[in-house]
Amino acid sequence: MNNPKSKSRKNGLEPVENSVPAPLPLDVSLDANLQALEQRIGQSSDVVIRRFTNESLSSLSLAFVYIDGLVNSETINRTLLQPLMETFTPEGASITPDDAFSLIKDQVLPIGGVKEGKTLESLLALLFEGYTLIFLDGLQQALAADTSGSEKRSINEPTSQGVIRGPKEGFTESLRTGTSMLRRRLKTSDLRIEEYKIGQRTQTGVALVYINGLASEQVIAEIRRRLDAIHTDAILESNYIEEFIQDGGLTPFPTIQNTERPDAMAGGILEGQVGILIDGTPFALLAPSTFFNFFQSSEDYYQRFDISSFLRLIRYSAFFVSMLLPALYIAVTTFHQEMLPTTLLISLAAQREGVPLPALAEALLMELTFDVLREAGVRMPRTIGPAISIVGALVLGQSAVQAGLVSAAMVIVVSFTAISNFVIPSLAIANSIRLIRFVMMLIAATLGLFGIMSFLMVLLIHMAGLRSFGVPYLSPVAPMTPRYLKDIFIRVPLWNMTTRPKTNLGKETRRQGPHQEPKPAEGKPQPEQGGSSS
């Protein structure tokens with residue numbers, strides 16, 4: 001029997017598990033190091049190599065290597081070239097390569113970030129981050145000076161999580177900008193930032209952010225373990241990390257939040273969650289996350305508690321409408337017409353008169369049309385995107401009704417379902433509901449309300465079994481913990497939220513002191529002095 005694995009290897013089709021070369025120690029010769037560097041990066045045109053000799057260093061040969069576009073040219077000229085071109089040792093003094101290395105590192109370079117490297121791979125990693133490498137002839141190590149200065153996008157308002165009242169700045173693609181925005185909000189010495197390099201070919205910077213004492217040690221250790229276990233060649237967006245570390249990889253429900261807002265991430269970290277920032281994307285991750293976290297918005301805490309509670313209840317209502325409304329319409333009009341008032345039933349029957357499609361096909365046609373229009377609106381250039389939406393929503397909808405393909409009631413059902421879907425603040429769970437809605441419609445068309453209720457029970461059992469880094473997905477509702485319900489379905493006043501959510505398993509569970517309800521000062525009010533007499 002032929003072995004397909006050996007056959008593919010014979011044909012040269014066996015995938016290369018790890019083509020990244022082993023670390024290469026530096027050579028004593030400057031020429032050998034530069035030659036090895038050129039071989040490794042393939043004579044790339046954006047790599048600048050400049051050699052020179054300084055008489056102060058006993059005519060020792062040096063070389064600069066940097067990548068044009070990733071560095072700040074002014075920084076190189078001012079902090080590297082100019083000091084190293086000057087004479088900084090007494091005339092006629094003899095100096096060894098080791099002494100020159102220490103002299104340059106400790107006294108000559110007026111720059112903050114200077115690192116050492118002894119292998120070509122470690123230096124290449126710094127080179128691709130915008131560092132400038134300084135090779136000295138006669139040494140098996142080199143210096144790397146931080147001269148990074150690539151073009152960055154300015155800080156703008158988040159595009160996916162807008163608010164009326166609240167901060168207007170969002171994360172950018174720069175990892176260091178993201179950590180600085182968190183530092184500006186969390187001015188505490190307990191803030192910890194741990195950095196990782198993930199991706200053999202992309203070497204993407206990933207930062208683990210948490211507050212010592214607030215975040216659970218078990219959760220932090222588990223996230224570290226899962227990040228260390230990632231062995232892939234590329235990390236290009238936060239979803240790569242999310243899929244590698246999330247619980248329940250095949251569940252339709254997200255178990256890790258993503259946010260574009262620094263204030264939302266700072267709020268989560270203050271409640272004991274652990275943040276994950278990824279270089280190259282403005283979307284950061286928060287874990288552990290429960291089902292109810294996806295219905296909370298940062299704006300809930302920037303306005304009165306009664307308004308926030310009302311809006312949060314609307315979001316939960318929109319969740320059920322988005323998931324169930326088309327399925328309920330199909331089930332009732334197909335199997336349970338007796339549940340409708342006679343007048344409404346006659347009106348619906350009159351609208352469906354002449355419609356050649358069953359209710360399920362009618363709903364699928366409208367839902368798929370809406371999803372196509374939505375995708376077209378997202379992919380189209382912004383100048384013509386709104387026009388496509390208007391054409392789709394008005395022209396196609398009205399034309400479909402007039403042509404007798406769908407009923408007007410179905411257009412109303414699908415439109416209200418789509419609008420309800422946009423009410424949910426988290427795009428991750430809103431997309432999950434879109435998929436569940438199609439399954440619901442198929443079950444409703446075959447089993448009616450009995451099928452819908454059965455599927456809801458299956459979903460509930462599945463969600464009750466989910467975990468997010470050890471935290472039950474439906475916590476604190478299942479298992480029920482009444483004292484943690486103050487910020488779930490409604491939000492109580494801030495002075496009454498004395499403890500952190502149950503997802504926080506850290507040591508410090510209390511966030512503020514008790515009895516902070518605003519009330520008049522005790523005692524009788526004193527009469528004002530020097531008042532005017534009538």
Side-chain angles (χ1 to χ4, degrees), residues 70 72 75 112-113 129-130 146-198 202-215 219-220 223-224 227 235-242 245 256-289 293-294 296-303 425-428 500 504 506 511:
L70 294 183
N72 188 327
T75 303
E129 290 181 4
D146 187 3
T147 55
S148 56
S150 57
E151 294 294 330
K152 298 176 184 176
R153 182 170 64 91
S154 60
I155 297 175
N156 295 320
E157 188 173 355
T159 56
S160 62
Q161 294 174 312
V163 295
I164 297 174
R165 178 177 178 178
K168 303 295 183 185
E169 59 181 14
F171 285 125
T172 67
E173 286 75 7
S174 170
L175 177 63
R176 191 54 61 209
T177 303
T179 56
S180 65
M181 295 168 82
L182 289 176
R183 279 281 184 197
R184 191 154 53 85
R185 286 171 170 79
L186 303 173
K187 300 180 180 66
T188 167
S189 58
D190 292 329
L191 183 66
R192 302 286 186 268
I193 299 177
E194 302 175 8
E195 290 201 12
Y196 296 79
K197 294 290 182 186
I198 302 178
T202 57
Q203 290 291 308
T204 305
V206 176
L208 196 67
V209 188
Y210 60 92
I211 291 183
N212 188 31
L214 299 189
V219 171
I220 297 171
I223 294 178
R224 285 192 192 121
L227 288 177
I235 298 292
L236 299 178
E237 213 277 337
S238 58
N239 187 62
Y240 285 58
I241 298 290
E242 183 177 344
I245 67 173
I256 297 178
Q257 286 176 272
N258 66 74
T259 180
E260 204 178 351
R261 302 185 59 85
D263 58 318
M265 189 167 185
I269 291 173
L270 286 170
E271 291 189 344
Q273 291 180 292
V274 178
I276 303 175
L277 289 167
I278 297 93
D279 195 24
T281 174
F283 289 92
L285 304 177
L286 276 171
S289 300
N293 288 136
F294 295 94
Q296 297 171 350
S297 169
S298 55
E299 198 175 15
D300 289 350
Y301 309 95
Y302 303 152
Q303 56 190 353
S426 170
L427 189 63
R500 293 189 169 82
N504 167 43
R511 75 173 102 198

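Note: hydrogens, waters and symmetry copies are ignored here, and every other heavy atom, side chains too, is used.
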Reported CD1-to-CG distance for the pair Ile269 and Leu182, which is rounded to 0.5 angstrom: 5.0 Å
Test item: side-chain donor near acceptor, Gln203 and Glu129, under 3.5 Å: no
Thr281 (side chain) donor-acceptor with Ile278 (main chain) under 3.5 angstrom: no
Main-chain N/O of Ile241 paired to Asn239 side chain as donor or acceptor, under 3.5 Å: no
Intermediate values then yes/no, side chain to side chain donor-acceptor pair (under 3.5 Å), Ser174 and Thr172: CA-CA 5 Å; Ser174 170; Thr172 67; 4.9 Å; no
Distance (rounded to the nearest 0.5 Å) between Leu286 CG and Ile256 CD1: 9.5 Å
Asn212 (side chain) donor-acceptor with Asp190 (main chain) under 3.5 angstrom: no
Whether over 12 other heavy atoms sit under 6.0 Å from Lys152 NZ: no
Distance in Å, Leu227 CG paired with Ile235 CD1, rounded so as to fall on 0.5 Å steps: 9.5 Å
Test item: Ser426 side-chain N/O and Gln257 main-chain N/O as donor-acceptor pair under 3.5 Å: no
Test: Glu299 and Lys168 ion pair at under 4.0 Å: no
Salt bridge flag under 4.0 Å for residues Arg224 and Glu194: yes
Residues Asn156, Phe171; criterion side-chain contact (heavy atoms from CB on, under 4.5 Å); working and verdict: CA-CA 8 Å; Asn156 295 320; Phe171 285 125; over 6 Å; no
Main-chain N/O of Leu270 paired with Arg500 side-chain donor or acceptor, under 3.5 Å: yes
Approximate separation, where rounding is to 0.5 Å, of Lys197 NZ and Asp279 CG: 7.0 Å
Crowding at CZ, Arg165 (>12 non-hydrogen neighbours, <6.0 Å): no
Glu157 with Arg261: basic N within carboxylate O range, under 4.0 Å: no
Inter-residue atom distance Ile276.CD1 - Tyr196.OH, 0.5 Å rounding: 9.0 Å
Rounded distance [0.5 Å steps], CG in Leu277 versus OG1 in Thr179: 7.0 Å
Any donor-acceptor pair under 3.5 Å from Glu260 side chain to Phe283 backbone: no
